[in-house]
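Both backbone and side-chain heavy atoms feed into the values below; hydrogens, waters and symmetry mates do not. Quick caveat, the model's predicted, so the values are computed rather than measured. Lettering follows sequence order; numbering is per chain, from 1.
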Protein chains: 2
Amino acid sequence: MSADDEAGADRGRTSATAAVTLSEVAAKAGVSVSAVSKVLRGTTAIRVSPETRQRILTAAEELRYRPNFAARALQAARTQVLGLVVPDLTNALFTELMHGVEDAAAAHGYTVLLGRLDTDRPQTEVIARLLGEGRVDGLVLQATDGVDPAALAQLLDPRAAVVLINSVAPGRASSVTVDDVGGGRTATEHLIGLGHTRIALAGGLPTSYTAQRRRRGHQEAMRAAGLDPRADHETALGYTAEQGRQALRQLMALDPRPTGIVVANVNAAIGLLAEARALGIDVPRELSVATVLDSWTAENTWPPLTAVKMQFYAMGHTAVVSLVHRLGSGAMTDEVILDPAPELVVRESTAPPSS
Amino acid sequence: MSADDEAGADRGRTSATAAVTLSEVAAKAGVSVSAVSKVLRGTTAIRVSPETRQRILTAAEELRYRPNFAARALQAARTQVLGLVVPDLTNALFTELMHGVEDAAAAHGYTVLLGRLDTDRPQTEVIARLLGEGRVDGLVLQATDGVDPAALAQLLDPRAAVVLINSVAPGRASSVTVDDVGGGRTATEHLIGLGHTRIALAGGLPTSYTAQRRRRGHQEAMRAAGLDPRADHETALGYTAEQGRQALRQLMALDPRPTGIVVANVNAAIGLLAEARALGIDVPRELSVATVLDSWTAENTWPPLTAVKMQFYAMGHTAVVSLVHRLGSGAMTDEVILDPAPELVVRESTAPPSS
DNA sequence: CTGAAAGCGCTAACAG
DNA sequence: CTGTTAGCGCTTTCAG
C-alpha cells in the first residue's frame, strides 16, 4: 500500500493490482477513448494517423494498460471462457481429457473454467449457473455415469452450446465419444490372435454407455472370428477393483475355464489381477488378461497389463473444437474418435493359451 | 435454429440461452429495476412491502431470471473466480491438488479457472492476463520446478493476490507447501525402524525446492538416529523414471551396498524398482525401497511400494482458504501443511535388512 | 417504501 | 481522420 491513498482516488478498488482504464490512456495520449479502443484492438484497418497511433501505443505501454475482462464480456456478450464439467475430478482419465480440452481451448483463444457435478445438487444447477449466468460461452459436459442420457437431454436447452462427452443426446446436444466399440474389439482380437478361443468379458454395468459399447466391440470380434460369445462368459458387475475380483471368481468357477479375459475397465482389471494372484492363478501362463485402459493409473501393475489405450486427450481436444464450431455456426454434431484409433499396448499379462 | 429470427429481436445475442434481464423482470412485475435488484439479492433487510416482494419473486421465477455474470463483475470489480495455474496438467499430483482447490473454492463461493504455464511463453504473461485483466480475483500458482522462487518473486506484484504452492517468496506472495521435510524424515525413519543403517537417498535436483526439503528431512532422521548421512550415499539426479534407474545403478556400485533407499519421488521410485528387477536385485529381500509419494500413480507396482503420502489435497484446500483470506484482509502468510501429517503406507517394498 | 439516475470499462455507431 | 454518444446489465446512492 502506498502512502496516503485513502483520499478516494482509489476508492472501491479491490486489493488487486491497480486497474488502468482506457480513458486514462486516452488522457495521457491526449486523444479520445474511442481512438484508443480502436488502435489497441487493431479494429478495421488503420483509420488513425501514424503519429496518434504511436502516441496511443506508447501511452498504453507506459501505463501497462490491460483491457478489463468484465467490461468486454458485458459489451460483447461473450466471455471467451469454456466450461469443463465432470462428475469426478479424481478420476484419472480426467487428467488426459482436461489436457486435451486445455490445449484446444488455448489454441482457439479460450480459457477453461472447471465445474464439478455435485452428487447432492442437481446436474441442471451447474449448467444453469455456468451457461445461464453467462459465465461461459459453452460447456464440455460429462454426465455422471449411469445417468440416463435421455433424462439429461430433457434438462438440456437445445439452444445451449453443450457438447457431451462419453454419452449422446441426439438433437439435444453435440457429443464426442471415444471408440469404445473399437476398444472392446481390439482387446478381444488381440486374445484371438494369440490363439485363445474361450474368451470371457468382465464388463461394466449394463446402464453404462461405455460398457455397452465395449461389450458390443467384444462380441463383434468374437463373431467375426467365428467364436460364440457365450452368456456365461460375460459378467456385467461394474468398474471397481472389487467388482473385478468378483468377476474373476465367477469366471474361474466355470468348467472349462476361459483362458483369456477382456476387462472393460482398468480398475476392475487391477482387482481382477490381484484376485488371480490371491487364487494362485498364473497370469499370463494360465490366464491372459487384456484391459480397455481408460487411464494410465495402471502402467506399473504386476504383471504389466496389456491394454487398449483409449484416446481421451483427443476426445477433449475434439470436444472443444466441436464446441467452438458450434458457437460459430450453430451446427450440432455427434462424433466418435476413430483417429487415432484405440492403441493396443502389449505388455506381459497376455500370452498364447498354455496348450 | 428456429424459423425466421433474422428480424432483429434477437440481434447481437449469442447462440446460447436467451438472456432475461432485470428490467424484463421489473416490467413483468410492474416495478422498477432497482426494486427487483434489491429483492433478488436480499440486500439490507426487507425494505420492500411483502406483496411487491412476492410479485417480484414470482416474476423472476417465471422468467427464469439469472443475473448476468459480466455485468455484476464489472460493477463489483470482482469475479468470484480463482485461477489455478500449474506447469503441467499431466502431472498426477495435480489431480489431487486440483480437487482440494475445487472443494475449497466451491465452499467459499468461487469457481476455478484453469491456467497452464506454457514453456515458451513467459510465466508473467499468464499472471498478467489472469490478474491484470480482472479475469480472476486471485491466483493459486505453482511455479515451474527449477525456477528460482526469488526470480519469480521479482515478477510478482506484491499487491496481487497470489498464493504460491510448493515454493516460497517471502514478503512477495503467500505460500503453502506440503511437509516435504516430514516426508523425507518419515520415509527414512521407517527404514531405520526396520533396522537399516546403510540408507541411501535417491534425491531430486538440487534446484528443486521440494527436493531440498525432502533431503533435509532425510538427513535429520539419519542424524537423530546417530547415523551419518554419507555424501556417496546420496544422488541428486532428478524425478524421472530414467533418473531413478540411474540412481540405482550408481548406489548399487558402492561397496558395501546400502540396504535401503529412500526415493524422493514416485516416478523415480518406479524406475528404480524396474532397474532393480533388471539387475536381479530382490526387493525387499536384498534392498528396501521407500518413496515419498507425490501421486497415486504407483499404487500397483510390483512389489507394491511402501510410500509416504504427501497431502496435496490439503495443500490445494489450504491454498484457497489462504487466498480467500488474503482477498478479505490483505494478510500474507506462509504455511506448511503439517496436519494431516505425511502418511506412511507400508506395503511390500520394505523389510528388515537380510542379516 | 419505491423509483430515477449515474456509472463500472468498453465498443460501435454516428457526427464532425 | 477523430471525438461524442449511447448503451451492455447490474448495483447503489439519492430523491420522492
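- Looking at residues two or more places apart in sequence or on another chain, you find no side chain to side chain contact (heavy atoms under 4.5 Å, CB included) involving B:Gln75.
- From one end of the helix from C:dC1-D:dG16 to C:dG16-D:dC1 to the other, with five pairs defining each end axis, the axis direction shifts by 50° (rounded to 10°).
- Within residues 57-68 of chain B, no residue has any heavy atom under 4.0 Å from DNA chain C.
- The nucleotide whose nearest atom lies closest to any side-chain atom of A:Arg72 is, among C:dT11, D:dT12, D:dG3, C:dT11.
- Applying the side chain to side chain donor-acceptor pair (under 3.5 Å) criterion to A:Thr177, with sequence neighbours excluded, gives no partner residue.
- Checked by atom type and distance alone, the side chain of A:Thr58 pairs as donor or acceptor with a backbone atom of A:Arg55 at under 3.5 Å.
- Remark: P of D:dC10 and CZ of B:Arg41 are 11 Å apart, rounded to the nearest angstrom.
- Across the protein-nucleic acid pair, B:Phe69 atom CZ and D:dT11 atom C1' stand 16 Å apart, rounded to whole Å.
- Whole-Å rounding puts the A:Lys38 NZ to D:dT2 C1' distance at 6 Å.
- Taking atom CZ of residue B:Arg135 and atom C1' of nucleotide C:dG9, one finds them 15 Å apart after rounding to whole Å.
- Of all nucleotides listed (C:dG3, D:dT4, C:dT11), D:dT4 comes nearest to the side chain of A:Ser32.
- Residues passing the ring pair (Phe, Tyr, Trp, His ring centres under 6.0 Å) test with B:His325, sequence neighbours excluded: none.
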Can you name the atoms? Protein N/O to nucleotides 5-8 of chain C N/O, anything below 3.5 Å, with the distance.
unit_1, atom_1, unit_2, atom_2, d
C:dG7, N2, B:Gln75, OE1, 3.0

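- Checked by atom type and distance alone, the side chain of A:Ser174 never pairs as donor or acceptor with a backbone atom of A:Met332 at under 3.5 Å.
- Listed for the A:Arg66 side chain is no donor-acceptor partner under 3.5 Å among the backbone atoms of B:Glu133.
- Under the rule for a side chain to side chain contact (heavy atoms under 4.5 Å, CB included), the partners of A:Ala71 that lie at least two apart in sequence or sit in another chain are A:Asn68, B:Leu74.
- As a whole-Å value, the separation of A:Arg78 CZ from C:dC10 C1' is 14 Å.
- Applying the side chain to side chain contact (heavy atoms under 4.5 Å, CB included) criterion to A:Thr79, with sequence neighbours excluded, gives A:Phe69, A:Ala73, A:Val81, A:Asp137.
- One interatomic measurement links the two molecules: CD of A:Glu24 to C1' of C:dG9, which rounds to 11 Å at whole-angstrom precision.
- Atom CD of A:Glu133 and atom P of D:dC10 are 10 Å apart (whole Å).
- For A:Glu62, the salt bridge (charged side-chain N to carboxylate O under 4.0 Å, His left out) test picks out A:Lys28, with sequence neighbours left out.
- For B:Ser49 and C:dT2, the shortest distance from a side-chain N or O to OP1 or OP2 is below 4.0 Å.
- The side chain to side chain contact (heavy atoms under 4.5 Å, CB included) search around A:Val85 returns A:Leu117, A:Val126, A:Leu130, A:Leu139, A:Leu141, not counting sequence neighbours.
- Sorted by first and then second residue, the salt bridge (charged side-chain N to carboxylate O under 4.0 Å, His left out) pairs involving residues 97-106 of chain B (not counting sequence neighbours) are A:Arg116-B:Glu102, A:Arg116-B:Asp103.
- Taking atom CD of residue A:Gln80 and atom P of nucleotide C:dC10, one finds them 17 Å apart after rounding to whole Å.
- Among the heavy atoms of the strands lying under 4.0 Å from A:Thr52 are primed sugar atoms or P, OP1, OP2 only; no base atom is included.
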Show every donor-acceptor pair shorter than 3.5 Å between a side-chain atom in residues 317-324 of chain B and any protein atom, with sequence neighbours excluded, or say none if there are none.
unit_1, atom_1, unit_2, atom_2, d
B:Thr318, OG1, B:Ala314, O, 2.8

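- Distances from the side chain of A:Val31 to the nucleotides C:dT11, D:dG3, C:dC1 place D:dG3 closest.
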